[in-house]
**Student:** 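Input: one structure, supplied below.
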Amino acid sequence: MPEISIVVPLYNEAANLPLLYQRLNQVLSTMGVSCEYVWINDGSKDNTMQVVRQLSAQDSRIKYLDLSRNFGHQIAVTAGLEHATGKTVVVIDADLQDPPELIQDLHQKLQEGYAVVYAKRRSRKEESWLKRFTARSFYRILKFITNVEIPVDTGDYRIMDRKVVEVLKRMPEHHRFLRGQIAWIGFDQTFVEYDREQRQAGETGYTYRKMLHFALDGITAFSDVPLKVVTYF
């Protein structure tokens, strides 16, 4: 059982993968811990899978899943969690907006007795005012209408203890909203702040339409307010 599993969902990230792999290797080498990589190709249209196979042939620590189509970010992460075997599990995107170097701080914080340490954005560089506004509004609306203490200004970038991953794997939700599910589970959780960088290469797979569907999944999964409003009318 490796100390850390690195779960990375991939959608058209061929241009970012070599640098991501290099930076992850540098961080984990500095930390001096055993690790495995679990990469999930979520129906990419570019040569992401080719790059994954090339890197996997060079490094036996790389495991990968090639999904039959694009199922979406949350399902891809869930598939990665199902196959991760580490004592702790890190979830990180491949676009390098979330710096891999933060993993060392997240891991150190976890050693203080926490079960989850999530990365909390202090700032978001090079994002449009609309993207920042919609993201900020979503988290605060969700916080207002739910009883679950879902942390604001966070994504899925975090480190989790094995016991948290095992509980997540037993949760039957079809529409996944992992940051809400992890908050709902409980256990001691905390955060480390960081400044989010601009995307390294390529274009984001999260269109405004996908973000709207994601927001609706989160709101309807963790609040009965929409149901009460519909019932009232």
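Quick caveat, the model's predicted, so the values are computed rather than measured. All values below come from the heavy atoms of this structure, side chains included, with hydrogens, waters and symmetry mates left out.
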**Student:** Among residues at least two apart in sequence or on other chains, which ones pass side-chain contact (heavy atoms from CB on, under 4.5 Å) with D46?
**Tutor:**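 With sequence neighbours excluded, D46 shows a side-chain contact (heavy atoms from CB on, under 4.5 Å) to N12, A14, S44, T48, given in chain and number order.
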**Student:** Using every non-hydrogen atom in the two residues, find where A119 and L106 come nearest and quote the distance to one decimal.
**Tutor:** N-CD2, 4.3 Å
**Student:** So I159 and V91, do their side chains get closer than 4.5 Å, heavy atoms only?
**Tutor:**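 No. Closest side-chain heavy atoms not under 4.5 Å.
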**Student:** I'd like to check Y157 versus V90 (side-chain heavy atoms, cut-off strictly below 4.5 Å). Are they in contact?
**Tutor:**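 A side-chain contact under 4.5 Å exists here.
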**Student:** Give me the atom names and distance for the closest heavy-atom approach of V8 to A94.
**Tutor:** CG1-CB, 3.8 Å
**Student:** Within this structure, what is the CZ-CZ distance for the pair F191 and R121, rounded to the nearest 0.5 Å?
**Tutor:** 14.0 Å
**Student:** If you define the side chain from C-beta out and look only at heavy atoms, does anything of V89 sit under 4.5 Å from L81?
**Tutor:** yes
**Student:** Determine, step by step, whether S34 and E3 satisfy the side chain to side chain donor-acceptor pair (under 3.5 Å) criterion, reporting the C-alpha distance in whole Å, the side-chain angles of both residues, the deciding distance to 0.1 Å, and the verdict.
**Tutor:** CA-CA 5 Å; S34 58; E3 178 66 26; 5.6 Å; no
**Student:** Taking side-chain contact (heavy atoms from CB on, under 4.5 Å) as the definition, give me every residue that meets it alongside E112, ordered by chain and number, with sequence neighbours left out.
**Tutor:**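 side-chain contact (heavy atoms from CB on, under 4.5 Å) check on E112 returns K109, Y114.
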**Student:** Mind listing the closest non-hydrogen atom pair of L65 and A79 along with its distance?
**Tutor:** CD1-O, 3.7 Å
**Student:** Under the ring-ring contact (aromatic ring centres under 6.0 Å, His included) definition, can you give me all pairs with a residue in residues 29-63, not counting sequence neighbours?
**Tutor:**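 As it turns out, the ring-ring contact (aromatic ring centres under 6.0 Å, His included) pairs with a partner in residues 29-63, which skip direct neighbours, are Y21-Y37, Y37-W39.
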**Student:** Is the shortest side-chain heavy-atom distance between T85 and K63 below 4.5 Å?
**Tutor:**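 Heavy-atom side-chain distance check passes, below 4.5 Å.
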**Student:** Please say which of I6, N25, V38 ends up in a side-chain contact (heavy atoms from CB on, under 4.5 Å) with R61.
**Tutor:** N25
**Student:** Which residues satisfy the side-chain contact (heavy atoms from CB on, under 4.5 Å) test with D93, sequence neighbours excluded?
**Tutor:**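 With sequence neighbours excluded, D93 shows a side-chain contact (heavy atoms from CB on, under 4.5 Å) to P9, H73, D95, given in chain and number order.
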**Student:** At their closest point, which heavy atom of S5 faces which heavy atom of P2, and how far apart are they?
**Tutor:** OG-CG, 4.4 Å
**Student:** To the nearest 0.5 Å, how far apart are CD in Q189 and CE in M160?
**Tutor:** 10.0 Å
**Student:** Sequence neighbours excluded, which residues qualify as side chain to side chain donor-acceptor pair (under 3.5 Å) partners of E82?
**Tutor:** none
**Student:** Between atom NE2 of H107 and atom OG1 of T88, what is the distance when rounded to the nearest 0.5 Å?
**Tutor:** 4.5 Å
**Student:** Could you measure the distance from the CG atom of D161 to the NZ atom of K87? Nearest 0.5 Å is fine.
**Tutor:** 11.0 Å
**Student:** How close do E101 and V27 get, counting heavy atoms only, and between which atoms?
**Tutor:** CA-CG2, 3.5 Å
**Student:** Do I103 and P99 have side-chain heavy atoms sitting under 4.5 Å apart?
**Tutor:**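 Side chain of I103 against side chain of P99, heavy atoms only: no contact under 4.5 Å found.
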**Student:** Is any side-chain heavy atom of V192 closer than 4.5 Å to one of L102?
**Tutor:**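 A side-chain contact under 4.5 Å exists here.
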**Student:** Could you check whether any side-chain heavy atom of Y194 comes within less than 4.5 Å of a side-chain heavy atom of D105, counting everything from C-beta outward?
**Tutor:**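 The answer is no; the side chains never approach within 4.5 Å.
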**Student:** Quick one: pull up CG in L178 and CH2 in W184 and give me the separation to the nearest 0.5 Å.
**Tutor:** 13.5 Å
**Student:** Go through F71 and D42 one step at a time and tell me if the side-chain contact (heavy atoms from CB on, under 4.5 Å) criterion holds.
**Tutor:** CA-CA 6 Å; F71 285 90; D42 188 23; 3.8 Å; yes
**Student:** Taking NZ, NE, NH1 and NH2 as the nitrogens, is one of them in K169 or E166 under 4.0 Å from a carboxylate oxygen of the other?
**Tutor:** yes
**Student:** How close do F187 and A115 get, heavy atom to heavy atom, and via which atoms?
**Tutor:**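 For F187 versus A115, the nearest heavy atoms are CB-CB, 3.5 Å.
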**Student:** Within the structure provided, determine whether I40 and L10 are in side-chain contact (heavy-atom separation under 4.5 Å).
**Tutor:**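 They are not in contact (no side-chain heavy atoms under 4.5 Å apart), so the answer is no.
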**Student:** Who pairs with T30 by side-chain contact (heavy atoms from CB on, under 4.5 Å), at least two apart in sequence or on another chain?
**Tutor:** Q104
**Student:** Report the distance from atom CG of L19 to atom CD of E13, rounding to the nearest 0.5 Å.
**Tutor:**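 L19 atom CG to E13 atom CD measures 11.5 Å (nearest 0.5 Å).
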